[in-house]
Each structure stands twice: as C-alpha cells, then as structure tokens.
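Below is one structure; the comments refer to it alone.
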Number of protein chains: 2
Amino acid sequence: MKEGPDIAQIGALIGDPARANMLAALTGGRALTATELAGVGGITVQTASTHLAKLEAGGLLTQRKQGRHRYFTLADEAVARLIESMMGFAAGRGHLRHQPGPKEPALRKARICYDHLAGDYGVRMLDSLIASGSIDAVGDGLALTEKGESDLQCIGIDVSDLRSSRRPLCRSCLDWSERRAHLAGSLGKALLSSFLDKGWARRTAESRSILFSPEGDRQFLKLFPVDA
Amino acid sequence: MKEGPDIAQIGALIGDPARANMLAALTGGRALTATELAGVGGITVQTASTHLAKLEAGGLLTQRKQGRHRYFTLADEAVARLIESMMGFAAGRGHLRHQPGPKEPALRKARICYDHLAGDYGVRMLDSLIASGSIDAVGDGLALTEKGESDLQCIGIDVSDLRSSRRPLCRSCLDWSERRAHLAGSLGKALLSSFLDKGWARRTAESRSILFSPEGDRQFLKLFPVDA
DNA sequence: GCGATGCTTCGGTTACGATCAAAGTATGAA
DNA sequence: TTCATACTTTGATCGTAACCGAAGCATCGC
C-alpha cells in the first residue's frame with residue numbers, strides 16, 4: 001500500500017466544484033484576475049482567494065502581480081493537458097454538465113484549448129492535414145512531413161522558428177466534445193494565432209468559444225477541406 | 001462559466017486518500033476484494049464498502065461477484081491511463097509520498113502498470129526496441145515495424161493475433177518514476193505475459209512490483225540491450 | 001493627503017462527508 | 001439446520017473545509 005506519488009492531493013484540488021470551474025476557465029489560456037475567477041466559480045472573492053492560494057500551493061497555478069490586479073494562469077502546459085484529459089475522460093463517462101446551455105453549440109464548433117484550436121473545427125483541421133499528407137499519424141503520435149512544412153510556409157507559418165523552442169511541434173490532444181484528436185503543440189498554437197491575426201476568427205470575452213467571421217469561416221473550410 | 005464536462009466529480013472521487021490508494025492498488029491490474037482494498041486504504045470494511053460503491057457509481061470500477069467475494073477491478077484501460085497520468089503529473093510536481101519506504105527501489109526497477117511492464121525495465125525495453133528498429137517512434141506515438149514483427153515472432157509473440165483485438169497494438173505510457181515513456185497497448189501486455197510465462201519474473205502478492213529471477217534478469221538484459 | 005478598487009486575512013458558522021459500531025443480507029461449510 | 005465468512009446498510013459522531021462578513025493591506029487616481 002501507499003505506493004507511488006500522491007494523486008489524492010491533486011484529485012482533491014480539482015475535486016471542488018468552484019476550483020474545477022476556475023481551472024476550466026483558465027484552460028482558455030488567458031490570465032484572469034481573482035475577481036473574474038470568483039465569478040466563474042460562483043463564489044465571493046474572499047473564498048476565491050483561499051481557493052487560489054491552495055491551487056498555487058499545489059503547483060497548478062502561478063500568479064503575476066500587475067498593479068493592483070493579480071493575474072492567475074495555469075502553471076504550465078502540463079496542467080492544461082491534465083485538465084483536458086480529465087474532461088475527455090469525464091465526457092466519456094457521461095459526467096456532463098446538468099445544463100447544456102445556449103453556448104454549448106458554439107463551444108462544440110470551435111473553442112480554445114490552452115492555446116490551440118479544439119472542437120469540431122480543430123478535429124477537422126487535423127483530419128485535413130493528415131489527409132493532404134502534411135502530417136503523418138503514426139500510432140497515436142503526429143509528425144510534420146516535408147510537404148507539410150512547405151505547405152505551411154505558404155500560409156505564413158515558419159516551422160523552423162517553432163522548432164527552436166523546447167516545446168514539441170506536434171502533439172495530439174483528445175477532444176472532449178468530439179472524442180477524437182486535434183492538433184496541439186507549438187504548431188497548433190501557431191495555426192490558431194494565424195487565424196486570429198488574419199481576422200478569420202476572434203476570441204470571446206467570457207467563454208472559451210472561438211467565433212469565426214463569415215469570411216473567415218469560408219477561408220478556413222477552403223483551406224482544410226474534408227473529402228466526402 | 002460552467003463550460004464542458006464535469007471534472008469536479010471525478011476529481012473528488014480520486015481526491016480522497018483512501019479511494020486514491022484503492023485505485024492505485026487496482027492499477028496493479030488484478031482484481032481485489034473489498035476486504036483487501038480496505039487494507040490498502042487503511043480503513044474498515046464498512047467504510048471501504050461505501051467508497052467502492054461511490055467509485056462504481058462514478059464509473060471508475062466494476063465488480064464481479066464470485067461466491068461470497070466481490071472482486072473489484074478498474075472499469076477499463078482508460079481509468080488506468082488516467083490514474084497513471086495523474087501519478088506522472090503528481091511526481092513531476094513533487095507531490096511524493098511522505099515515506100519512501102523500503103519497497104520503493106523495487107517499484108522503480110520494475111512494476112506492473114495495469115497489464116504491462118513499467119519502471120526502469122519498462123523504459124529500457126522500449127528504448128531497446130526503438131534502437132534495434134523494431135519500433136518506430138514518431139512524435140509521441142509508436143508503431144511496430146516489419147522487422148519488429150518478425151523479431152517478436154522469434155521470441156514467441158504472434159502479432160497478428162494481437163492485431164485482431166480492437167485495442168491499439170502500441171501505446172506509449174508515461175512512466176511516473178522514470179519520467180519517460182514505456183510500452184503499453186496489447187503488445188506491452190503480451191511482452192509482460194511472456195516474461196511471466198517463461199518464469200523470468202513473477203508478480204508479488206501485495207505490491208505492484210515485479211521481481212525478476214537471476215536467470216530472468218540475465219535473459220531480459222540480453223534480449224533488450226542498451227548501447228552505451 | 002484622500003477615497004476607491006482589488007485582494008488577502010481573520011473569525012465564526014455551517015454543511016458535508018469520512019468514519020466506525022452495530023445490525024442486516026448473502027453465500028458457503030459442516 | 002447452524003455457524004462462519006464476506007460484504008452492505010443504517011445510524012450516529014466527528015472533523016474538516018467551504019463559505020461569507022468584516023477588517024486589514026496594497027495600489028491607483030485624484
């Protein structure tokens with residue numbers, strides 16, 4: 001008994017509904033203040049403050065002081081992956097939210113997952129990249145091909161820049177709504193950034209969902225076709 | 001707020017120390033009775049019973065009645081992966097157990113992870129298989145090569161048998177003690193089974209650790225060399 | 001300096017859940 | 001049948017942690 005690392009601590013940290021909501025909100029990638037997080041957690045700022053202190057002590061969060069605000073973010077990508085993988089697991093077990101809500105469809109279509117695109121559009125993009133031979137899917141792993149590198153160059157993404165970082169270029173991330181993989185890693189981030197830069201899509205204020213403009217939608221679907 | 005699946009429920013399930021210990025013990029792959037699980041959880045049978053009922057209701061466990069015993073196992077491999085990934089995360093954050101204990105070294109050397117080999121030996125085996133060209137590592141995924149298939153045939157593992165199952169052949173699983181990948185999937189299971197069948201190693205009664213015989217140790221190290 | 005805002009700390013209440021003893025149910029052995 | 005084992009259910013206790021009000025700091029704008 002008592003073998004291995006202590007999973008009960010982080011389980012308990014994630015196990016509180018208010019904290020889980022905060023973490024889920026932070027999986028959106030942007031830094032949030034204590035007051036904002038109190039909002040998503042449905043609690044007062046005092047309570048939120050103690051929760052945030054616990055999460056920080058547990059190594060899940062980091063905070064950055066900026067003036068009289070304190071911005072909280074997930075400690076690193078590993079935390080984001082843990083949260084998303086738990087969401088995927090929970091979705092598979094039917095542990096869904098009680099109220100689907102009106103925002104749900106938008107969230108399923110396209111949302112941000114830490115720093116890359118998820119949802120129907122995220123899955124579609126990866127499928128298309130694989131079908132066109134830009135990405136090789138071997139087993140459960142992903143690798144960029146030479147064709148993919150030159151194709152990406154054409155749409156303004158310099159892969160050699162990305163390679164210089166320590167972060168893996170391609171990573172598959174299980175999508176909780178689609179139950180299939182989408183593209184994470186530095187390439188996933190770069191692609192989403194380029195969509196936002198081009199004005200094809202924009203992030204929403206309070207939600208993880210990503211809204212495509214009519215023109216951006218057209219361009220995206222053209223760039224990442226799916227053969228019938 | 002309140003977006004996505006509910007991770008707080010499973011977080012809370014794993015968040016209790018007694019339940020976490022039970023789950024960790026069941027990651028050893030074998031079915032355990034309620035009384036045995038009460039032992040690893042350090043609680044009475046009554047308390048264990050309520051815990052087990054909760055875990056079953058949450059979809060993490062299944063039970064099988066056999067005479068007057070009730071054998072509990074993890075619901076499926078996804079649960080095992082979740083637990084191991086949380087262990088890996090916890091180990092990375094330094095959420096280690098307070099008492100390392102005397103069994104720790106054996107556990108780090110070789111242990112069972114659901115149904116395949118983990119620990120130093122598990123990582124070594126995968127490294128060797130990759131170095132010899134039996135397995136291709138692309139990105140974070142794994143794929144068996146033709147050479148690998150014939151090599152495995154030589155040591156008595158029929159890959160075509162394994163392919164018939166729905167379960168993926170090769171899967172990489174992050175090792176919490178080594179912080180590197182070892183081989184999971186049906187091939188990982190088949191390899192460990194063959195070691196046990198050959199009498200190279202045996203499982204221990206109360207622990208997840210796997211004990212190699214002197215002869216088995218020699219054979220294993222010869223079969224999976226690491227080039228300096 | 002002043003007040004306003006953002007956040008944390010303190011104190012006290014409350015509620016939930018983990019715990020076990022004791023009683024109840026099911027299976028097996030004699 | 002009777003007793004023993006394996007487990008669950010019930011009931012009651014207890015501790016902890018979530019929660020908020022109020023007070024205490026820190027920072028900004030004026």
Side-chain angles (χ1 to χ4, degrees), chain A residues 1-2 6-26 30-58 60-73 95 98 205-206, chain B residues 1-2 6-26 30-58 60-73 95 98 205-206:
Chain A
M1 67 173 112
K2 300 221 174 167
D6 195 355
I7 57 174
Q9 285 186 33
I10 41 175
L13 282 176
I14 303 175
D16 180 83
R19 285 196 292 259
N21 282 333
M22 294 180 179
L23 288 168
L26 287 170
R30 59 170 52 138
L32 297 174
T33 66
T35 315
E36 289 170 326
L37 288 167
V40 308
I43 47 178
T44 61
V45 267
Q46 309 94 290
T47 310
S49 182
T50 64
H51 280 312
L52 291 168
K54 285 179 187 175
L55 287 171
E56 196 183 3
L60 300 188
L61 260 44
T62 49
Q63 62 166 300
R64 200 162 23 107
K65 285 188 66 170
Q66 207 165 97
R68 49 184 162 180
H69 294 275
R70 299 212 178 175
Y71 285 97
F72 290 86
T73 48
H95 289 240
H98 327 300
E206 289 291 324
Chain B
M1 65 172 112
K2 300 221 174 167
D6 194 354
I7 57 174
Q9 285 186 33
I10 43 176
L13 282 176
I14 302 175
D16 179 82
R19 284 195 292 259
N21 282 333
M22 295 180 181
L23 288 168
L26 287 171
R30 61 169 51 137
L32 298 174
T33 67
T35 317
E36 290 171 324
L37 287 167
V40 308
I43 49 179
T44 62
V45 268
Q46 309 94 288
T47 311
S49 183
T50 64
H51 281 312
L52 292 168
K54 285 179 188 177
L55 288 171
E56 197 184 1
L60 300 187
L61 297 183
T62 50
Q63 61 165 303
R64 201 162 24 109
K65 285 188 66 169
Q66 208 164 97
R68 48 184 163 181
H69 294 278
R70 298 210 178 175
Y71 286 97
F72 290 86
T73 48
H95 288 241
H98 328 300
E206 289 292 323

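Labels below follow one simple rule: chain letters A, B, ... track the order of the sequence lines, proteins then strands, and each chain is numbered from 1. From a predicted model like this one, the values you see are computed outputs, not experimental measurements.
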Its contact letters, B for base, S for sugar-phosphate only and - for none at protein heavy atoms under 4.0 Å, make nucleotides 15-22 of chain D read ---SSBBB
Identify the heavy atoms of B:Leu32 and B:Glu36 that sit nearest to each other, and give their distance.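 Taking B:Leu32 first and B:Glu36 second, the nearest heavy atoms are CA-OE1, 3.3 Å.
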To the nearest 0.5 Å, tell me how far A:Glu56 CD sits from A:Phe72 CZ.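 The distance works out to 6.0 Å.
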Nearest whole angstrom, please: distance from the [atom2] of [N] to the [atom1] of [X].
X	N	atom1	atom2	answer
A:Arg68	D:dC30	CZ	P	10 Å
A:Leu55	C:dT8	CG	P	12 Å
B:Leu52	D:dT8	CG	P	7 Å
B:Leu37	C:dT19	CG	P	14 Å
B:Gln9	C:dG17	CD	P	12 Å
A:Arg64	D:dT27	CZ	P	17 Å
B:Gln63	C:dA26	CD	C1'	13 Å

Between C:dG6 and A:Lys65, is there an OP1 or OP2 to side-chain N/O distance shorter than 4.0 Å?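 It does not, given that no N or O in the side chain of A:Lys65 lies less than 4.0 Å from OP1 or OP2 of C:dG6.
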For B:Ala18, enumerate each residue passing the side-chain contact (heavy atoms from CB on, under 4.5 Å) test, keeping only those at least two apart in sequence or located in another chain.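 Result, side-chain contact (heavy atoms from CB on, under 4.5 Å) vs B:Ala18: B:Asp16, B:Ile43, B:His51.
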Taking side-chain contact (heavy atoms from CB on, under 4.5 Å) as the definition, give me every residue that meets it alongside A:Gln46, ordered by chain and number, with sequence neighbours left out.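 Checked A:Gln46 against side-chain contact (heavy atoms from CB on, under 4.5 Å); matches are A:Thr44.
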Short side-chain to backbone donor-acceptor contact, B:Arg64 and B:Tyr71, under 3.5 Å: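 Side chain of B:Arg64 to backbone of B:Tyr71, a donor-acceptor pair under 3.5 Å: no, none is there.
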Can you tell if the side chain of B:Leu37 reaches within under 4.5 Å of the side chain of B:Leu26, non-hydrogen atoms only?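 The answer is yes; the side chains approach within 4.5 Å.
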